[in-house]
Amino acid sequence: MTKAILSVRDLCKSFGALKATDHVNLDLCTGEIHALIGPNGAGKSTLIQQIAGGMAPDSGSVHFLGQDVTQLSTPKRAQLGLARTFQISALAMEDTVLQNAMLGALGAQGHVFRFFGAASKDRALREVAKTMLERVGLADMAGARTSDLSHGQRRQLEVAVALTLKPRAFVMDEPMAGLGAEGSARLTEFLSDLRQEAPILLVEHDMDAVFALADRISVLVYGQIIATGSVADIRAHPDVRRAYLGEDA
Amino acid sequence: MRRESLINVLLAAGLLGFPLWAYVMNEPFLITLSTRVAILALAGVGLNIALGLGGLVSLGHAAFFGIGGYAMGILASHAQSYAPLMESPFLIEGTKSMPIIWLVAIIASGLAALMIGGLSLRTSGVYFIMITLAFGQMFFYFSISWPAYGGEDGLSIYVRNGFPGLNTLDPIQFFLICYVLLVAVLFFANRLAQSPFGLALNAARQNAMRVETVGITPYQLRLTGFVISGMITGLAGALFADLNRFVSPSMFSWQTSGEIMIFVILGGTARLFGPVAGAAVFIALEHILGGLSEFWHIYLGVLLLGIVLFARGGIIGTLAGHEVRHD
């Protein structure tokens, strides 16, 4: 197996008696899309939070690019190249599409504490932002207010902002949610190519997309990973069928 | 030209034209009123950076306003009594020079903002409001109980401080000093809002998670914004003390914090000229309605309620309409 870019070891997180994350082990390797599926309430979001830095685990570790990042904050992990997109769009809604993309470029560039020159006139920032908007197909919306975008376009913008970070790995939380068949198909195609650039940990409910995209699938149930394997393995796995696809699936 | 830019130019011209007209008509009181507007607007421009750009509802900006005022009061009182502030390890004497006083006011209020912001910004929402209020009150009670500089009675400075080449006792000349400072700070605030820092701070106000996810720490952004905000309000405090030739603990009172916030909200939160419009309307109301009734604040309250309920963009927002900042 190729080298793991992101690896989660023995991660545990409890809320009272509820074990939201129960000794989870997970690897994301170069060039792959690793899908994380599981029924509602399985603890997917909690796990993603711990990987991205929004929540500290009770025990266990997260390694990114060979470095232990368990104690690092979200911004520090982002600086290392861990890009995240959200289930519910987290964008600066009053700003323009271009400004959102430029914010990503600014974060990647790191020179935030500049108080005089206009950000909009910064060639380097603009270039990166425009390129990434073009890649996701939002170039002609650059001047629009983000709150005026459709749901699907906001999803595209989330991906564009993640791209501006020139990330080493993506963590995407339900990028297909609410996209509709056509949007879903387009994003599926886009993500399929993206894995060559950086591997993607994909949390997704859209099973068509998961089966079309994933190189490997891990199934999370009640905080535990009950199976990891190829699409065929997971489709055939009896525990998975019972827990996730329903008893009579 | 954008509609808001046009309104801004008209406001700037009006604030300059009115006292010049008053000067021609020989109405020094109206010049002084205009000077008050310019100074209070400056305090509001300071708060607007924290409140409008950063979304930080600080109810403790009187602390910076007061520190600016006392920086002037302390330096000038030592100068007028020829008693140095301290002699060892090195000699610090008082001064009657405005530029030095401004510099001291800006540095002192900046340091205070670093301390207050450093602690308060670990909280958010209503806790942030309460902690900034509490810090403001600490300064208020400290100034009351500190007898060396007048305590409760405040501190009078008999002659207005000087500015090289100008006669600051001439109302129109002092007005022009304040006006030029206001315009310079507005210019800076405009640049700041459009700078990379402004882009990030503004985004952190809208969605802190977004900023973190691109590798920027909101706390650092907010603290920097809060310090810049405090410095500007501190400068306004020094000018305000010079206008009145008097400093007192009331500059530190929570009512002062509230009034500065009213200028911002009345004029339009996050609008560049919002505090200018807000302070102008506030002073006009105080002058006109205050002559009719001691309880003119009732009318101010009604106006404020109307703005908050029906015109969230304040005066500027209502006149200029909703606009996206284009690149």
> When heavy-atom pairs shorter than 4.5 Å are enumerated against chain B, which of A:Ala90, A:Ala105, A:Pro167 gives the highest number?
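Sorted descending by pairs with chain B, the first entry is A:Ala90.
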> Kindly compute the distance separating CD1 (A:Ile200) from OG (A:Ser192), expressed to the nearest 0.5 Å.
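Spacing of CD1 (A:Ile200) from OG (A:Ser192) equals 8.5 Å.
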> Measuring from A:Leu133:CG to A:Arg135:CZ, what's the distance to the nearest 0.5 Å?
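Answer for the CG-CZ pair, A:Leu133 versus A:Arg135, is 11.5 Å.
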> Using a cut-off of under 4.5 Å on heavy-atom pairs, state which of A:Gly117, A:Ala52, A:Gly104 scores highest against chain B.
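The residue among A:Gly117, A:Ala52, A:Gly104 with the greatest pair count is A:Gly117.
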> With chain B, which of A:Arg114, A:Gln109, A:Arg77 has the greatest number of heavy-atom pairs at distances under 4.5 Å?
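Ranked by heavy-atom pairs under 4.5 Å with chain B, first place is A:Arg114.
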> Heavy-atom distance under 4.5 Å to chain B: side chain of A:Leu165, backbone, both or neither?
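Contact with chain B is through the side chain of A:Leu165 alone.
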> To the nearest 0.5 Å, tell me how far B:Leu47 CG sits from B:Leu56 CG.
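B:Leu47 CG to B:Leu56 CG: 9.5 Å, rounded to 0.5 Å.
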> Among A:Val161, A:Leu125, A:Leu103, A:Thr74, who wins on heavy-atom pairs under 4.5 Å with chain B?
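Highest number of pairs under 4.5 Å: A:Leu103.
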> For B:Thr213, is it the side chain, the backbone, both, or neither that has a heavy atom closer than 4.5 Å to a heavy atom of chain A?
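Contact with chain A is through both the backbone and side chain of B:Thr213.
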> For B:Tyr127, I'd like to know if atom OH has over 12 heavy atoms of other residues, nucleotides or ligands within 6.0 Å.
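No - once you tally the heavy atoms of other residues, nucleotides and ligands closer than 6.0 Å, there are 12 at most.
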> Is B:Leu201 in contact with chain A via its backbone, its side chain, both, or neither, using a 4.5 Å heavy-atom distance?
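The answer is neither part of B:Leu201.
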> Parallel, tilted or perpendicular: which describes the rings of B:Phe65 and B:Phe240, with under 30° parallel and over 60° perpendicular?
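Taking B:Phe240 first and then B:Phe65, their aromatic rings sit tilted (interplane angle of 30° to 60°).
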> Counting only non-hydrogen atoms closer than 4.5 Å, does A:Ala118 touch chain B with its backbone (N, CA, C, O), its side chain (CB onward), both, or neither?
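Both the backbone and the side chain of A:Ala118 come within 4.5 Å of chain B.
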> Could you check if a side-chain atom of A:Leu187 sits within less than 4.5 angstrom of a side-chain atom of A:Pro175, using non-hydrogen atoms only?
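The answer is yes, as the side chains (C-beta and beyond) meet within the 4.5 Å cut-off.
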